[in-house]
Amino acid sequence: MAAEKFHFLIVGVPLSPLHNCISIGQELCLRGHNVTVMSFADRGRQKVAKYAPKCKLNYLSLGELPVSDDKEEELVRQMLTSNSTLLQMSFMMQNLMTPYFDQLQVGVSKALKSGLVRPSFGLLGLPFGGVGRELQVLGIDFAVNVPTILVPPINPWASSFIPLPFHLVSPHNMTFVDRLLVIGGNSLLNFGRHLAVAAGFQFSFMPDLSPDMWRGRLAFVNSIPGVDYPQLLPPLVQYTGPVVDVKKMEPFPPEVESWLESVPEGMPVVYVSYGTMVRLTAERVAATLSTLTSTEHFTLWALPKTQQVGLPDTLPSSIMIHHWIPSARALAHPKVKAFVSHCGGNSAVECMAMGKPLIGYPQFGDQMAVCQRIADAGAGITGPQGGWVQAEDVRHVLAEPRYAVRAQTMSRLLEKFGGTSRAADLLEMAAAGDLAPLRTPLEGSTSSSFFMAGYDLVIYAQLLAFALMFMCMRCCACCCRSRNRHASAEKKKQ
Ligand SMILES: *[C@@H]1O[C@H](CO)[C@@H](O)[C@H](O)[C@H]1NC(C)=O
Ligand SMILES: *[C@@H]1O[C@H](CO)[C@@H](O)[C@H](O)[C@H]1NC(C)=O
């Protein structure tokens, strides 16, 4: 008997998290399912062509980009004038994501209600905005794809010991006060969110925050346990490893190819890329150039044309700067020995998949947590958020072979988690209703959420009461002692 064929709907804003969903869509399409992608304008269409080259997915544009390319570039530049992740995120939320969310929800709602597209199951990339709610209302079940790791506040199961991305401490070196803030804060936040859902509140500002959108659903995390923080997860949350074809080798531009050939044998090359979102100022470009000019290594730097204005006319022969370098091919090149990166989702996965040590300088969002986890695994090092490449960091990573050895191990591990094929298997089962036995009663409803986590607050209150009692007792003891001392001193005087 031929396996049942389904119609899968993929929806996402045309930013990098959509790549992963399209890549899973390609696998579904190759298996004979009907796959429709909804996103914006030609940017979405190009992403479909690029990440699903082997199979034809239907593409439905939900209209023009709500924020133009130029405006987006300007917004990112403005965002990076602050180092506060909280300010960065609320700024981007207001100016970039809200216009996207509004148009996304309207467009998807129209397309589905017109009956033009009749999906049997959805796959939503983060952030999905009001689309989850639309599908829920129409009774279409969906899975969510998380491109990197699980961190609060969006994901309702992320462990409470993991700091919110804007609380810049690592779980390794939190003080007692940090822990109180992080664990207490996360628990309160979760409690509040469940309470809000129970009371019928709609998270219109950031619909992904609603636990209701996640509860009892299939969710993919495109990394591996261990790169992600250890946490207690319901059975429908599944690690897939990388789902984009990281080993897809596009050719180098000829000038990059011939420069790489000219690098003397035994001379390490450092590959530098801050991705497509981070915009370097002319001063920053000049400073980075002088930092990377060295007699100990060569440098291959992917830098968009618009950012090349600060460069001198001639570069030292040890440095190659080009606006387009295929990252996977660069990282796979045997002469490339380390990767200077901001730990954006795609870069981080390519770095690990190709087994090259990381020299990380996270800039915003979950990048700090991602860089930190790679560094924790011993496959590189990371600087502070908002930092820029330092010569001594590069020297250090090149000089210590242990980073490269560990990076190679990571690369072998990453391959073992199934990628697109596993994601597609699970989606087929979910669409057929075969995953129902994994839906535990314990995470299926608001009341069970309180049952599972609602008592945490009572425990914290108890601990707090104990701590206060202890402090009171100490205080009293001190008081008594000093009064006694005082009294005996008085007696002596008499
Ligand atoms: C696949 O989906 C598209 C809508 O995106 C629809 O027009 C088409 O008829 C569907 N094909 C099949 C074979 O169901
Ligand atoms: C952000 O932090 C880094 C590292 O601590 C620092 O070098 C940089 O100047 C800061 N940037 C801003 C805009 O405050």
Side-chain angles (χ1 to χ4, degrees), residues 1-66 100-145 147 207-208 213 217-220 243-245 420-436:
M1 198 187 80
E4 200 179 341
K5 297 294 178 234
F6 299 103
H7 187 174
F8 289 98
L9 172 67
I10 293 173
V11 188
V13 296
L15 300 172
S16 61
L18 183 62
H19 305 170
N20 301 26
C21 293
I22 297 175
S23 178
I24 297 171
Q26 169 174 273
E27 175 66 22
L28 291 166
C29 173
L30 288 170
R31 296 182 182 195
H33 301 290
N34 196 3
V35 181
T36 300
V37 179
M38 291 188 191
S39 192
F40 293 101
D42 276 345
R43 173 125 50 106
R45 192 184 307 280
Q46 283 154 11
K47 287 186 186 293
V48 172
K50 178 160 183 204
Y51 289 92
K54 294 188 203 147
C55 200
K56 177 114 185 61
L57 311 190
N58 309 304
Y59 179 70
L60 193 84
S61 169
L62 301 174
E64 285 311 301
L65 292 175
Y100 264 125
F101 284 164
D102 292 347
Q103 205 162 316
L104 198 62
Q105 182 161 4
V106 173
V108 170
S109 167
K110 233 194 257 167
L112 291 179
K113 282 182 185 145
S114 74
L116 224 61
V117 182
R118 297 171 187 279
S120 32
F121 201 84
L123 174 62
L124 306 186
L126 274 186
F128 50 79
V131 175
R133 178 127 8 249
E134 283 306 319
L135 296 185
Q136 202 181 27
V137 169
L138 293 170
I140 301 166
D141 198 2
F142 60 88
V144 180
N145 192 70
D208 306 46
M213 293 292 109
R217 283 186 207 294
L218 180 62
F220 299 131
V243 292
V244 284
D245 188 1
T420 48
S421 144
R422 184 169 150 71
D425 286 349
L426 288 164
L427 280 169
E428 282 176 333
M429 294 188 79
D434 291 346
L435 292 184

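Counting convention: from 1, in listed order, for ligands and their atoms alike.
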- Task: Starting from atom 7 (O) of ligand 1, locate the nearest protein heavy atom and write down its residue, its atom name and how far away it is, to 0.1 Å.
- Result: Leu116 O, 4.5 Å
- Nearest non-hydrogen protein atom, atom 11 (N) of ligand 1: Asn34 ND2, 2.7 Å
- Less than 4.0 Å between atom 14 (O) of ligand 1 and some protein heavy atom, yes or no? yes
- Which ligand 1 atoms does Thr36 reach within 4.0 Å, using its non-hydrogen atoms? 2 (O), 4 (C), 5 (O)
- Considering residues at least two apart in sequence or located in another chain, which fulfil the side-chain hydrogen bond (donor to acceptor under 3.5 Å, both in side chains) criterion with Asp141? Arg217, Arg439
- Of all residues at least two apart in sequence or in a different chain, which pass the salt bridge (Lys or Arg N to Asp or Glu O under 4.0 Å) check with Asp245? none
- Please identify which atoms of ligand 1 are closer than 4.0 Å to at least one heavy atom of Asn58. 1 (C), 2 (O), 3 (C), 5 (O)
- Task: Would you confirm whether Glu4, through its side chain, and Ala432, through its main-chain N or O, come within 3.5 Å as a donor-acceptor pair?
- Result: no
- Query: With the threshold set at 4.0 Å, does a side-chain nitrogen-carboxylate oxygen contact exist between Arg45 and Asp42?
  - Reply: yes
- Between Asp425 and Arg31, is there a salt bridge with N-O shorter than 4.0 Å? yes
